[in-house]
Number of protein chains: 2
Amino acid sequence: MNVSSKPERTRLSAEDWELAALHLIAEQGVGALAVEALARQLGVTKGSFYWHFRTREALLNAALERWEQYGEREVLGQIEQITDPRKRLPELFRRVAHELQPHRVYAALLKALDHPQVVPVMARVSQRRMEFLTTAYREAGLPAQEALNRARLTYAAYVGFLQLNFTLGLPRINHEEFDAYVEHMIATLIPA
Amino acid sequence: MNVSSKPERTRLSAEDWELAALHLIAEQGVGALAVEALARQLGVTKGSFYWHFRTREALLNAALERWEQYGEREVLGQIEQITDPRKRLPELFRRVAHELQPHRVYAALLKALDHPQVVPVMARVSQRRMEFLTTAYREAGLPAQEALNRARLTYAAYVGFLQLNFTLGLPRINHEEFDAYVEHMIATLIPA
DNA sequence: CAAAAACCATACGGAAGAGTATGGATTGCC
DNA sequence: GGCAATCCATACTCTTCCGTATGGTTTTTG
């Protein structure tokens, strides 16, 4: 339940705050990112925070940038190593489906698209992922326009799934049924 | 810009507050639902509000219930009159696509799934819509399990599309391109 | 080992927003 | 017209949370 249950008696760095912030965002959303709450959770007081960061916004921006760059090399980096265009999309679907944990922050950020700070980040990230999907569909044999629309459809399905499952707890789909769903997605969305 | 630019000098009812609340939710999200802000917008003060409602939560609940019941007879009611099962799904897709206005509240509520008050409402609404889609796919010829998964996929695509277009303003898709996207959805998701 | 830098606690000030108390204004009704 | 009921304004209190000021404590370093 408690992140810092063992009293890590080392002093904190800016990175510690950013990681804690991302953790909190993933669990309770951007709106819950309050400095005093974070401080309590880290076992210190505000005095510490305002040494490392000039303001609350600064923390948010730092955390968002950290998350964006992590996702850049991790999420997309792995997939790009699958060179066979025919295996690429199914592999992508299956991996994303079974590593939902890193997508928690993304789901939380999706719900914070009114905060002006997160909009540009999400715009960049979504844009890159869309382009990735589009070229993948092209390599799978779809003509340009089809590939773009299929990418839109796929990405929308991904985003919607995150919403309907993390945040809303719809009839909590179980594991094997979930696998069946993923295979169904592959069968309907990926051209044979 | 201003909703009540003409000083409607009639006194307010609870319904007025609920409608104004829904309007505000659609534009700025649930988080922006503050009673003093609403009061300013309606040209009155808090004193009025707390006569009609016991608390801020009460207003939210009333507004949500109003929205839920409106959607019940409007959104689903119309579609159920299309008796031909083969025409049903394409018609549904096209109508939903071209009447995005009533879906603004839904999109806003989707981003507020951390508020405990909206979760049950969204759970009910989503559940009903899912069931509607599932039976529609069954009537279109899909076996039970397939129909359920296809409904999940469709609904996720719908939800994701709302997110990516209303709130995030991705490369603002234009009108004819949007129509092409809808037809692409129909072609890929609805069995021939 | 002392001085400087890094890190943190305590105690403020101030803004925003929920909710209460109370009296005044307006409207429907007899 | 006058009396209730309804509706609203004003003026508070209380809480939460951001940010500042200031001084203390721990590390680092020359």
Side-chain angles (χ1 to χ4, degrees), chain A residues 2-25 27-64 108 111-112 114-118, chain B residues 2-25 27-64 108 111-112 114-118:
Chain A
N2 198 345
V3 182
S4 61
S5 49
K6 45 182 172 184
E8 316 174 357
R9 270 291 136 248
T10 53
R11 299 154 97 189
L12 300 176
S13 66
E15 184 176 351
D16 292 325
W17 286 95
E18 295 171 14
L19 292 178
L22 284 176
H23 206 274
L24 203 162
I25 288 174
E27 306 245 302
Q28 307 193 44
V30 176
L33 185 61
V35 344
E36 284 166 324
L38 252 192
R40 272 192 298 275
Q41 187 176 322
L42 288 172
V44 292
T45 65
K46 304 192 325 177
S48 170
F49 175 84
Y50 284 99
W51 194 90
H52 294 284
F53 297 92
R54 227 175 50 75
T55 168
R56 192 203 98 120
E57 283 190 9
L59 171 65
L60 218 196
N61 284 326
L64 288 177
K111 302 195 299 183
D114 29 10
H115 295 247
Q117 305 180 58
V118 326
Chain B
N2 197 346
V3 182
S4 60
S5 48
K6 46 182 171 183
E8 316 174 0
R9 272 287 137 252
T10 51
R11 299 154 98 186
L12 300 176
S13 68
E15 184 175 352
D16 293 324
W17 286 94
E18 296 170 14
L19 292 178
L22 284 177
H23 206 274
L24 204 163
I25 288 174
E27 306 244 303
Q28 307 193 46
V30 176
L33 185 60
V35 344
E36 283 168 322
L38 252 192
R40 272 191 299 275
Q41 188 178 319
L42 288 173
V44 291
T45 65
K46 304 193 323 180
S48 171
F49 176 84
Y50 284 100
W51 192 89
H52 294 285
F53 297 93
R54 228 176 48 75
T55 169
R56 193 203 97 122
E57 282 190 9
L59 171 64
L60 218 196
N61 284 328
L64 289 177
K111 304 194 300 183
D114 28 11
H115 295 246
Q117 304 180 58
V118 325

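Here is the naming used below: chain letters follow the sequence lines, and residue numbers restart at 1 for every chain.
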Is there, by distance only and without an angle test, a donor paired with an acceptor across the side chain of B:R11 and the base of C:dT27 below 3.5 Å?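 A donor-acceptor contact between them is absent.
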
Listed pairs under 3.5 Å, donor-acceptor, residues 57-64 of chain B side chains, sequence neighbours left out:
from	atom 1	to	atom 2	distance (Å)
B:N61	ND2	B:E57	O	3.4
B:N61	ND2	B:Q117	OE1	3.4

As an exercise, state the distance from [atom1] of [X] to [atom2] of [Y], rounded to the nearest 0.5 Å.
X: A:L33; Y: A:R56; atom1: CG; atom2: CZ; value: 5.0 Å
X: A:E18; Y: A:I25; atom1: CD; atom2: CD1; value: 10.5 Å
X: B:K46; Y: B:R40; atom1: NZ; atom2: CZ; value: 10.5 Å

Members of residues 28-38 of chain B that approach DNA chain D, where some heavy atom sits under 4.0 Å away: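 None - not one residue of the stretch has a heavy atom sitting under 4.0 Å from the strand.
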
Assert: residue with more 5' nearest nucleotide on DNA chain D, out of B:S48 and A:G47, is B:S48

For C:dC8, does either OP1 or OP2 sit under 4.0 Å from a side-chain N or O belonging to A:H52? yes

Closer than 4.0 Å, any side-chain N/O of B:T45 to the OP1 or OP2 of D:dT10? no

Which nucleotide sits closest to the side chain of B:K46: C:dC8, D:dC7, C:dG19? C:dG19

Minimum-distance nucleotide to A:Y50 side chain [options: D:dC7, C:dT20, D:dC18]: D:dC18

When the distance from CZ of A:F49 to P of C:dC8 is rounded to whole Å, what number comes out?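 Result: 13 Å.
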
All ring pair (Phe, Tyr, Trp, His ring centres under 6.0 Å) counterparts of A:F49, not counting sequence neighbours: A:W17, A:F53

Without swapping roles, check the side chain of B:H52 against the backbone of B:L12 for a donor-acceptor pair under 3.5 Å. yes

